[in-house]
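Because the structure is predicted, anything quoted here is derived from the model rather than measured. Along the sequence shown, residues are numbered consecutively beginning with 1.
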Amino acid sequence: MAVRACGLIIYRRLQPAPPSKAADSIEYLLLQTSYGTHHWTPPKGHVDPGEDDLQTAFRETQEEAGLQPSQLTLVEGYKKELHYPVHGKPKTVVYWLAEVKDCDTEIKLSEEHQAFQWLKLEDACKFAEYEDMQAMLKEVHQFLCSKE
């Protein structure tokens, strides 16, 4: 059976942005792991027994980035599953999209991560080494820009 994990793609909008530059005002939160290859990823983690996927995504975001559910706005209409092998076993990660209500909210990392960055799309894609993660970030960006 595939390992299942859930997380949130967190973004913020820098204010004020002129309407023509609204897409440029969006930054994505990526965390750098303190283990393995020190890769960059949105907050995510394994589903605990008795938890539903969305509860897991919020709990992991709280544990890994110090963001409370009350500090976030879940964006309706976006949910994405990524499937990839980890140590030869299949893994499924489900992501939702959430906006930080206050773009100056403090990020408090857990021991699982050693750094974080707020990144514009182009830089976020450079930091996120995996093609499926890069594709998802681009998809999220198009989704957000289409809602303007």
Side-chain angles (χ1 to χ4, degrees), residues 3-48 51 53-87 91-148:
V3 173
R4 190 168 185 86
C6 301
L8 295 175
I9 301 164
I10 309 286
Y11 74 97
R12 67 182 183 182
R13 288 180 194 271
L14 301 176
Q15 304 298 343
S20 62
K21 296 281 185 202
D24 295 341
S25 72
I26 298 172
E27 291 183 337
Y28 300 95
L29 177 65
L30 291 181
L31 311 177
Q32 186 181 36
T33 60
S34 51
Y35 56 87
T37 58
H38 303 298
H39 64 284
W40 292 83
T41 176
K44 68 174 188 314
H46 295 140
V47 179
D48 283 347
E51 238 179 7
D53 288 352
L54 192 54
Q55 284 174 320
T56 299
F58 276 113
R59 177 182 54 76
E60 287 290 340
T61 299
Q62 193 170 335
E63 287 175 9
E64 295 184 357
L67 293 170
Q68 308 292 330
S70 61
Q71 295 173 297
L72 302 167
T73 302
L74 194 66
V75 178
E76 292 292 318
Y78 190 87
K79 181 180 171 185
K80 178 83 173 182
E81 282 194 23
L82 298 183
H83 305 273
Y84 52 89
V86 175
H87 305 303
K91 182 171 185 174
T92 298
V93 185
V94 184
Y95 285 104
W96 285 266
L97 183 57
E99 182 174 13
V100 174
K101 291 177 183 175
D102 175 358
C103 68
D104 294 322
T105 299
E106 184 184 357
I107 304 300
K108 299 182 195 87
L109 295 177
S110 72
E111 291 176 4
E112 291 178 55
H113 296 90
Q114 61 187 13
F116 73 90
Q117 295 249 13
W118 285 104
L119 299 160
K120 299 217 182 300
L121 177 65
E122 189 177 328
D123 290 327
C125 288
K126 285 179 190 159
F127 276 72
E129 298 158 41
Y130 299 103
E131 282 182 29
D132 55 356
M133 179 60 67
Q134 293 169 348
M136 182 174 67
L137 286 167
K138 289 174 185 168
E139 185 180 277
V140 160
H141 201 72
Q142 282 185 313
F143 176 81
L144 289 172
C145 293
S146 72
K147 292 177 62 134
E148 304 275 317

Chemist: Is any side-chain heavy atom of I107 closer than 4.5 Å to one of W118?
Modeler: yes
Chemist: Hey, mind stepping through V75 and W96 against side chain to side chain contact (heavy atoms under 4.5 Å, CB included) and telling me if it holds?
Modeler: CA-CA 8 Å; V75 178; W96 285 266; over 6 Å; no
Chemist: Between E27 and R12, does any side-chain N to carboxylate O distance fall below 4.0 Å?
Modeler: yes
Chemist: Do you know the tightest heavy-atom contact between Q62 and P69?
Modeler: OE1-CD, 3.4 Å
Chemist: If only atom types and distance count, is the side chain of H113 paired as donor or acceptor with the main-chain N or O of Q32 below 3.5 Å?
Modeler: no
Chemist: How long is the gap from OG1 on T105 to CG on L72, to the nearest 0.5 Å?
Modeler: 8.0 Å
Chemist: Is there a donor-acceptor pair under 3.5 Å between the side chain of Q71 and the backbone N or O of D102?
Modeler: no
Chemist: Mind checking whether V100 and L29 have side chains closer than 4.5 Å, heavy atoms only?
Modeler: no
Chemist: Report yes if the side chains of Y130 and T41 come closer than 4.5 Å at any heavy-atom pair, otherwise no.
Modeler: no
Chemist: Any side-chain heavy atom of L30 sitting closer than 4.5 Å to one from L119?
Modeler: yes
Chemist: Does Q68 have more than 12 heavy atoms from other residues, nucleotides or ligands lying within 6.0 Å of its CD?
Modeler: yes
Chemist: To the nearest 0.5 Å, what is the distance between CE on M136 and SG on C125?
Modeler: 10.0 Å
Chemist: Rounded at 0.5 Å granularity, tell me how far CD in E129 sits from OG1 in T37.
Modeler: 6.0 Å
Chemist: List the steps and the verdict of side chain to side chain contact (heavy atoms under 4.5 Å, CB included) for V140 and Y95.
Modeler: CA-CA 11 Å; V140 160; Y95 285 104; over 6 Å; no
Chemist: Return the CH2 to CG distance between W40 and D123, rounded to the nearest 0.5 Å.
Modeler: 11.0 Å
Chemist: State, to 0.1 Å, how close T56 and H46 come at their nearest heavy-atom pair, and which atoms those are.
Modeler: CG2-O, 3.5 Å
Chemist: Any heavy-atom pair between the side chains of R59 and D48 that's under 4.5 Å?
Modeler: yes
Chemist: Taking S70's backbone N and O only, do any of them form a donor-acceptor pair with K101's side chain (distance below 3.5 Å, no angle check)?
Modeler: yes
Chemist: Any donor-acceptor pair under 3.5 Å linking the side-chain atoms of E63 with those of S110?
Modeler: no
Chemist: Do C6 and V47 pass the side chain to side chain contact (heavy atoms under 4.5 Å, CB included) test, and can you show the C-alpha distance, the side-chain angles, and the key distance before you say yes or no?
Modeler: CA-CA 7 Å; C6 301; V47 179; 3.7 Å; yes
Chemist: Does S34 reach the main-chain N or O of E112 with its side chain, forming a donor-acceptor pair under 3.5 Å?
Modeler: yes
Chemist: Got a second to check how far T73's OG1 is from E99's CD, nearest 0.5 Å?
Modeler: 6.0 Å
Chemist: Measure the shortest side-chain to side-chain distance between L74 and F58 over non-hydrogen atoms and say whether it is less than 4.5 angstrom.
Modeler: yes
Chemist: Would you check, one step at a time, whether the test side chain to side chain contact (heavy atoms under 4.5 Å, CB included) holds for R4 with V94?
Modeler: CA-CA 8 Å; R4 190 168 185 86; V94 184; 3.4 Å; yes
Chemist: Spell out, as yes or no, whether a donor-acceptor pair under 3.5 Å connects the side chain of E60 to the backbone of P43.
Modeler: no
Chemist: Just do the side chain to side chain donor-acceptor pair (under 3.5 Å) check on Y11 and H141 with the steps written out, would you?
Modeler: CA-CA 10 Å; Y11 74 97; H141 201 72; over 6 Å; no
Chemist: Going from CD1 on I26 to NZ on K120, what distance comes out if it is rounded to the nearest 0.5 angstrom?
Modeler: 9.5 Å
